[in-house]
There are 2 protein chains.
Amino acid sequence: MVRASATAEESLSSELIRAAGVKVTRGRVRVLDALRAARQPLSHAEMEALPAGAGDAAIDRVTLYRVLDSLVACGLALKAVDTRGVFRFSAAGAQRRHADHIHFRCTDCGGVFCLKAEPPPPPKLPRGFRLNEVAYDVRGLCAGCSPHAASPARA
Amino acid sequence: MVRASATAEESLSSELIRAAGVKVTRGRVRVLDALRAARQPLSHAEMEALPAGAGDAAIDRVTLYRVLDSLVACGLALKAVDTRGVFRFSAAGAQRRHADHIHFRCTDCGGVFCLKAEPPPPPKLPRGFRLNEVAYDVRGLCAGCSPHAASPARA
DNA sequence: CCGGCAAATGCAACACTGTTGCATTAGTGG
DNA sequence: CCACTAATGCAACAGTGTTGCATTTGCCGG
């Protein structure tokens with residue numbers, strides 16, 4: 001149970017959770033830890049498989065769903081849908097690292113690539129509307145999936 | 001079986017399907033018809049429920065999936081994921097009507113609103129990349145779902 | 001330090017979306 | 001009109017997400 005490493009990381013997650021006004025539980029700390037450590041949004045399935053390096057037993061499937069929901073509800077995590085229709089979660093604040101450029105999603109392999117260009121400014125909204133997120137999604141085929149030769153179905 | 005109305009619509013769908021180089025079947029015509037008539041992308045569930053006005057029996061669930069896949073494969077339909085993680089399909093070409101303005105998606109009610117502003121120009125891609133679609137997605141709360149009064153959880 | 005309450009957990013069962021296998025039916029080309 | 005292939009319909013399955021309920025646990029007050 002007592003581990004000297006990564007204590008700062010874990011306590012920061014605990015801090016964040018406590019500051020959000022919800023109970024600090026093992027599951028929440030572990031999940032937020034994982035989200036904050038991840039360099040890209042994680043799916044439920046991926047998180048279920050990660051306790052390998054976390055120490056003790058795996059988190060229950062349903063509990064994991066509820067932990068994620070609670071983190072989203074208190075603003076510590078963000079929820080999005082990937083191209084396969086699966087929810088992916090990321091630590092709030094982490095997306096700031098990805099806010100200053102455009103993403104290209106390959107419709108074939110599902111990969112996400114970061115483009116150099118800057119995203120356009122957000123548009124004006126009608127009265128009463130509230131802006132939460134602006135996603136400038138560019139989709140197509142990446143270099144690896146592009147048909148270099150001939151593709152009869154596309155001709 | 002014989003209906004005099006909507007013949008032009010239906011035969012156009014048939015034309016399109018035939019031109020795409022695949023078999024012209026009842027299911028494909030009916031589905032493409034529905035997609036072309038719809039003013040917004042339809043989900044599988046929505047399409048399963050629509051034969052009310054189409055005349056004869058409902059299409060099999062699995063067949064509908066396969067019909068949709070075939071329409072996407074031959075370029076007659078487009079497949080996308082909505083905010084709930086459900087696939088939605090639209091007739092190819094229909095999105096051209098929606099290419100000249102921005103969409104606002106309400107994260108609460110799931111509604112889609114058309115904004116007046118024009119979308120930004122597509123960015124430059126790395127070598128080998130192939131642009132297929134540019135989605136400028138603006139998400140937030142619509143006027144109906146915005147918290148007019150106080151929202152303790154957000155404070 | 002201890003007890004109690006509400007929230008969080010774990011388990012089972014379920015609902016919805018999408019997929020696969022296989023026998024039958026129906027387009028299409030000759 | 002025949003035959004051949006693709007498409008259909010049915011059953012069964014897989015993955016993702018949800019709900020109900022009993023039990024445990026974090027947190028707070030005594």
Side-chain angles (χ1 to χ4, degrees), chain A residues 1 10-11 13-32 41-51 54 56-74 76-77 79-89 110 152-153, chain B residues 1 10-11 13-32 41-51 54 56-74 76-77 79-89 110 152-153:
Chain A
M1 282 301 183
E10 284 187 32
S11 59
S13 288
S14 303
E15 284 301 308
L16 290 168
I17 293 168
R18 193 181 319 277
V22 295
K23 286 188 184 177
V24 180
T25 67
R26 246 181 341 121
R28 289 216 250 252
V29 173
R30 191 134 42 114
V31 170
L32 184 53
L42 299 175
S43 69
H44 175 274
E46 286 164 358
M47 280 185 261
E48 224 191 336
L50 63 74
D56 33 7
I59 307 175
D60 180 70
R61 236 172 59 82
V62 176
T63 301
L64 179 52
Y65 274 115
R66 291 199 262 231
V67 164
L68 289 168
D69 277 348
S70 73
L71 289 179
V72 170
C74 69
L76 290 176
K79 188 180 188 176
V81 183
D82 73 4
T83 51
R84 290 203 349 261
V86 178
F87 290 126
R88 292 191 164 270
F89 300 84
Chain B
M1 283 302 184
E10 284 187 33
S11 60
S13 288
S14 303
E15 285 300 309
L16 291 168
I17 294 167
R18 194 181 317 279
V22 296
K23 286 189 183 176
V24 181
T25 66
R26 247 182 339 121
R28 288 217 250 254
V29 174
R30 188 126 54 105
V31 170
L32 184 54
L42 299 176
S43 69
H44 175 275
E46 286 163 358
M47 280 185 261
E48 224 190 336
L50 62 75
D56 32 7
I59 308 175
D60 180 71
R61 235 173 59 82
V62 177
T63 301
L64 179 52
Y65 275 115
R66 291 198 264 233
V67 164
L68 288 168
D69 277 347
S70 72
L71 290 179
V72 170
C74 69
L76 290 175
K79 187 180 188 177
V81 182
D82 73 4
T83 51
R84 291 206 344 264
V86 178
F87 290 126
R88 293 192 164 268
F89 300 85

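No experiment lies behind these values; they were computed from the predicted model shown. Each chain gets a letter, A, B and so on, in the order the sequences are listed, and its residues count up from 1.
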Task: side chain to side chain contact (heavy atoms under 4.5 Å, CB included) assessment of B:L68 paired with B:F89 - done: CA-CA 8 Å; B:L68 288 168; B:F89 300 85; 3.6 Å; yes
Do any side-chain nitrogens or oxygens of [X] fall under 4.0 Å of OP1 or OP2 in [N]?
X	N	answer
B:S43	C:dT17	no
B:T25	D:dT8	yes
A:R28	C:dA8	yes
A:T63	C:dG10	yes

Let me know the distance between [atom1] of [X] and [atom2] of [N], rounded to the nearest Å.
X	N	atom1	atom2	result
B:L32	D:dA7	CG	C1'	16 Å
B:R88	C:dT17	CZ	P	10 Å
B:L64	C:dC16	CG	P	17 Å
B:Y65	C:dG21	OH	C1'	18 Å
A:I59	C:dT9	CD1	C1'	11 Å
A:D82	C:dT17	CG	P	17 Å
B:R84	C:dA15	CZ	P	17 Å
B:R26	C:dA26	CZ	P	8 Å

Task: First encountered from the 5' end of DNA chain C, between A:S70 and B:F89 - done: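 Result: A:S70.
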Open item on the list: Consider side-chain contact (heavy atoms from CB on, under 4.5 Å). Of B:R88, B:E46, B:K79, which one does B:P41 pass it with?
Closed with: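 Checked B:R88, B:E46, B:K79 against B:P41; only one passes side-chain contact (heavy atoms from CB on, under 4.5 Å): B:R88.
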Task: Audit row: B:L64, B:M47, side chain to side chain contact (heavy atoms under 4.5 Å, CB included) steps and yes/no - done: CA-CA 8 Å; B:L64 179 52; B:M47 280 185 261; 3.9 Å; yes
- [ ] Specify the residue among A:D69 and A:R18 whose closest nucleotide of DNA chain D lies further upstream toward the 5′ end.
- [x]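 The 5'-side residue here is A:D69.
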Between [options], which nucleotide has the shortest distance from any of its atoms to the side chain of [X]?
X	options	value
A:R66	C:dT19, D:dT16, C:dT9	C:dT9
B:V62	D:dC10, C:dA26, C:dA8	D:dC10
B:R61	C:dG18, C:dA8, D:dT18	C:dG18

Open item on the list: Ring centres under 6.0 Å, that's the criterion: do A:Y65 and A:H44 meet it?
Closed with: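 Yes; A:H44 has its ring centre under 6.0 Å from that of A:Y65.
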TODO: Classify the side chain of A:K23 versus the base of D:dT25 as yes if they form a donor-acceptor pair under 3.5 Å and no if they do not.
DONE: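 Checked by distance alone, the answer is no.
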- [ ] Determine whether A:I59 and A:V31 make a side-chain contact, defined as any pair of heavy atoms from C-beta on separated by less than 4.5 Å.
- [x]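 A side-chain contact exists here, since the closest heavy-atom pair is under 4.5 Å.
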